[in-house]
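Working notes for the structure below.
Order of the sequence lines fixes the chain letters, A, B, ..., with proteins taken first and strands second; residue numbering starts at 1 for each chain. Treat the numbers as computed from the prediction; the structure is a model and nothing was measured.
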Amino acid sequence: MENTAKDGKIEKGIHFIHQIIEDDLKNGKNEKRIHTRFPPEPNGYLHIGHAKSICLNFGTAEKYNGLCNLRFDDTNPVKEDVEYVDSIKEDIQWLGFSWDNREYYASDYFGKLYEYALILIKKGKAYVCDMTAEEMSNSRGTPTVPGKESHWRNRSVEENLDLFERMRMGEFKDGEKTLRAKIDMASPNMHMRDPVMYRIINARHHRTGDKWCIYPMYDYAHGQSDSVESITHSICTLEFEVHRPLYDWFIKEIGIYAPRQIEFARLNLNYTVMSKRKLLELVKEKYVNGWDDPRMPTICGLRRRGYTPESIRNFADIVGVAKRDNAIDVALLEHCLREDLNKKAIRVMGVLNPLKVVIDNYPEGKDELLDAINNPEDESAGKRKVPFSKVIYIEKDDFMENPPKKYFRLSPGNEVRLRYAYFIRCTQVVKDEKTDDIIEVHCTYDPASKGGNSPDGRKVQGTIHWVSAEYAVKAEVRLYDRLFIKENPDDSEEGKDFKDYLNPDSLRIITGYVEPFLKNTDRDMKYQFERIGYFCFDKDTSPEKLVFNRTVTLKDSWAKMAAK
RNA sequence: UGACCUGUGGUGUAACUGGCAACACGUCUGACUCUGGAUCAGAAGAGUUCAGGUUCGACCCCUGACAGGUCAACCA
């Protein structure tokens, strides 16, 4: 989608949120100011769904020359932690967005929120309630049955003021009293049935310490925080749609600047789960190795897997913004990834499942360095040397003793090209006498085809990758596959839950051979093992041991054909 | 059976606010190629949940069904 907003052209096909924004801009609303915010609760790690929200909020601000704040929604001290604050900041920055110095916390506004509450109490719009959580729940009614009003609903303003002050001073125990908005216990919208504004929690807050023992609820804190920050468009996910009347109610009753809340459908990806609770369960019960396990849809997981920020941003762009529930095909995410990696990755050769090949007519003890192109998509990436010798490894899949038609790789009597090296022809197959397994293959090479072309102009159908047995480096290679075998793991059958659909083969660890170039190369760079896939160094790599993560495979049209 | 929201190819989004549905992914052909990658060319696939209505004309407006989602935490 082209961004034409800046040159003032009317843009076609923009999503409904940008439509609203452009209308507001046209009508001169908010002095034509655009200000969004990304409001995570610091109680977990960010995932690809959050990435969409981040791209929407920061991206919208960028597009319309506005601002986007980072605001931690830290109103519940028992669930939140600084550990999460740091990871969230790191992830947003990695995606390439900046909140400059606008790093805010809902807890920054506790004082102001308290003042606002006083206003509401004085207006007779809020009261202190002595009900227990259970009583409250029982009196709330159901969506079809109206709730009952609390005994304490009609306390005097003075009494409410006094009680609320004493709540703040710590006179009461957790849960003993709450401050509630006085709205309508019969409202068809459950959120309007005298929602709790403040509850008593005697817990230390990660920022305000012991200053407060009453904490505002989300509904009471969020809109007012938006207002304080002069947010123009408060973008959130669909489940908050029914909260909007309450969002608007607080702001109107308090009498402060009114931002506009707009809801969109959260991102869902197939073959994975996205809920914080389920992700936490996978981590805690060790189905994965931590939040940054490369199989996780978390931003840190994707990062470790080898995803680039650009690919994720492009993905967020391309999936669109709408209000209907969606389940996006991971293939689209992977497409965005490959598209980006294809431009950036340094090509190297690595053999994951080695088969020994002896080139009988290649002189014993001889070796040579051959030229290889680092990235055919990017000439500036340059060239490198790859060592060649008499004994090499090729991929087991690249040899078949009895090949089907259209198999272009090595087979008895057939000639193929070793990438950047020579044409070789298979002359002999050596098998294990007992198991009948192929243990090595003998070939002859054509010295005139050095570099990969024969002067006589003859063609070969296949080009395969290889690695010199003498110079190759061993490496641990971690092959990842989708975490779940079911498209929608949330949709479980009777008596099962999402964990019953975990893919037992989501991680396979093997030892492969890679060209020596990788020993001393940039550890942060992305690589393509030619004909196999994209790989990156894992953080477990040490000077003694290289560890690679397979980010994503290359498209494999032969595999597709062979499967038929 | 309450309120609110949403229904367009397999998937996700469009359709200049009423002029007989477009793009991307995926799928399938074929070309090209020192990666069976990339690239290029092409094809199939929806008549817009359904039924009425308004209109010369409806994906778009109205009515009613049907289907899906969200909401009953002192969570966010």
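Distance CE (A:Met192) to P (B:rU70): 22 Å, rounded to an integer number of Å. Counting to the nearest Å, the C1' atom of B:rG26 and the CD1 atom of A:Ile318 are 13 Å from each other. With rounding to whole Å, A:Glu487 atom CD is found 13 Å from B:rG12 atom C1'.
With a 3.5 Å limit on both pairing distances and Watson-Crick or G-U wobble geometry required, the stems of 3 or more pairs in RNA chain B span B:2-7 with B:66-71, B:10-13 with B:22-25, B:27-31 with B:39-43, B:49-53 with B:61-65.
Look at A:Arg266 and you won't find any side-chain N or O under 4.0 angstrom from OP1 or OP2 of B:rU70. At B:rU35, none of the side-chain N or O atoms of A:His465 fall inside 4.0 Å of OP1 or OP2 (strictly under the cut-off). For B:rC74, the OP1/OP2 oxygens have a side-chain nitrogen or oxygen of A:Arg140 closer than 4.0 Å. Residue A:Arg347 places none of its side-chain N or O atoms closer than 4.0 Å to OP1 or OP2 of B:rG37. For B:rG2, neither phosphate oxygen OP1 nor OP2 lies less than 4.0 angstrom from any side-chain nitrogen or oxygen of A:Thr142. Phosphate contact (OP1/OP2 of B:rU33, side-chain N/O of A:Thr463, threshold under 4.0 Å): absent. A:Arg324 has no side-chain polar atom (N or O) that falls below the 4.0 Å cut-off from OP1 or OP2 of B:rG12. For A:Lys560 and B:rC28, the shortest distance from a side-chain N or O to OP1 or OP2 is below 4.0 Å. When the side-chain nitrogen and oxygen atoms of A:Lys555 are compared with OP1 and OP2 of B:rA38, one or more of them lie within a distance under 4.0 Å. OP1 and OP2 of B:rU35 both lie 4.0 Å or more from every side-chain N or O belonging to A:Arg338.
The residue among A:Glu530 and A:Asn326 whose nearest nucleotide of RNA chain B is located toward the 5' end is A:Asn326. Closest-nucleotide positions on RNA chain B for A:Phe16 and A:Pro39 were compared, and the one nearer the 5' end corresponds to A:Phe16.
Rounded to a whole angstrom, the distance from the P atom of B:rA41 to that of B:rC50 is 35 Å.
Among the heavy atoms of the strands lying under 4.0 Å from A:Val321 are primed sugar atoms or P, OP1, OP2 only; no base atom is included. Using a 4.0 Å heavy-atom criterion, one finds that A:Asn189 contacts no nucleic acid atom at all. Using a 4.0 Å heavy-atom cutoff across all strands shown, A:Tyr420 reaches at least one base atom of the nucleic acid. Among the heavy atoms of the strands, none lies under 4.0 Å from A:Pro245. Within 4.0 Å of A:Arg409, counting heavy atoms only, lies at least one base atom of the nucleic acid. Using a 4.0 Å heavy-atom cutoff across all strands shown, A:Ser187 reaches no nucleic acid atom at all. Within the 4.0 angstrom heavy-atom criterion, no nucleotide atom of any strand lies near A:Asn270. Note on A:Tyr407: a base of the nucleic acid sits closer than 4.0 angstrom, heavy atoms only. Residue A:Ala327 is in sugar-phosphate contact alone, with no base atom involved, counting any heavy-atom pair closer than 4.0 Å across all strands shown. Residue-level contact check: A:Leu332 touches the backbone only, with heavy atoms under 4.0 Å from sugar-phosphate atoms and none from bases. Heavy atoms of A:Glu241 sit under 4.0 angstrom from primed sugar atoms or phosphate atoms, though from no base atom. A:Thr178 comes within 4.0 angstrom of a nucleotide base, judged by non-hydrogen atoms across all strands. When heavy atoms are screened at a 4.0 angstrom cut-off, A:Ala322 is found touching the sugar-phosphate backbone but no base atom. Using a 4.0 Å heavy-atom criterion, one finds that A:Glu263 contacts no nucleic acid atom at all.
Remark: A:Glu229 does not engage A:Arg37 in a salt bridge, criterion side-chain N to carboxylate O under 4.0 Å. A salt bridge is defined here as a Lys NZ or Arg NE, NH1 or NH2 lying under 4.0 Å from an Asp or Glu carboxylate O, and A:Glu395 with A:Arg531 fails to meet this definition.
Remark: A:Tyr105 OH to A:Phe72 CZ distance equals 5.0 Å, nearest 0.5 Å.
Here the two rings, on A:Phe110 and A:His205, have centers that are under 6.0 Å apart. Separation of the A:Tyr45 and A:Tyr84 ring centroids falls under the 6.0 Å cut-off. Ring pair A:Phe548/A:Phe529: centre-to-centre distance below 6.0 Å. When ring centroids are compared, A:Tyr422 and A:Phe388 come within the 6.0 Å threshold. Between A:Tyr247 and A:His243, a ring centre-to-centre spacing not shorter than 6.0 Å is recorded.
Applying the 90° cutoff around 0 to the glycosidic angle, B:rU13 is assigned anti. In textbook terms, a nucleotide whose glycosidic angle is within 90° of 0 is syn, and B:rG47 is one such case.
Residues in residues 312-335 of chain A take part in no ring-ring contact (aromatic ring centres under 6.0 Å, His included) pair, two or more places apart or across chains.
With a 6.0 Å radius and a threshold of 12 heavy atoms from other residues, nucleotides or ligands, A:Arg266 has its CZ atom at or below the threshold.
Within residues 216-229 of chain A, the residues approaching RNA chain B are A:Pro216, A:Met217, A:Tyr218, by heavy-atom distance under 4.0 Å.
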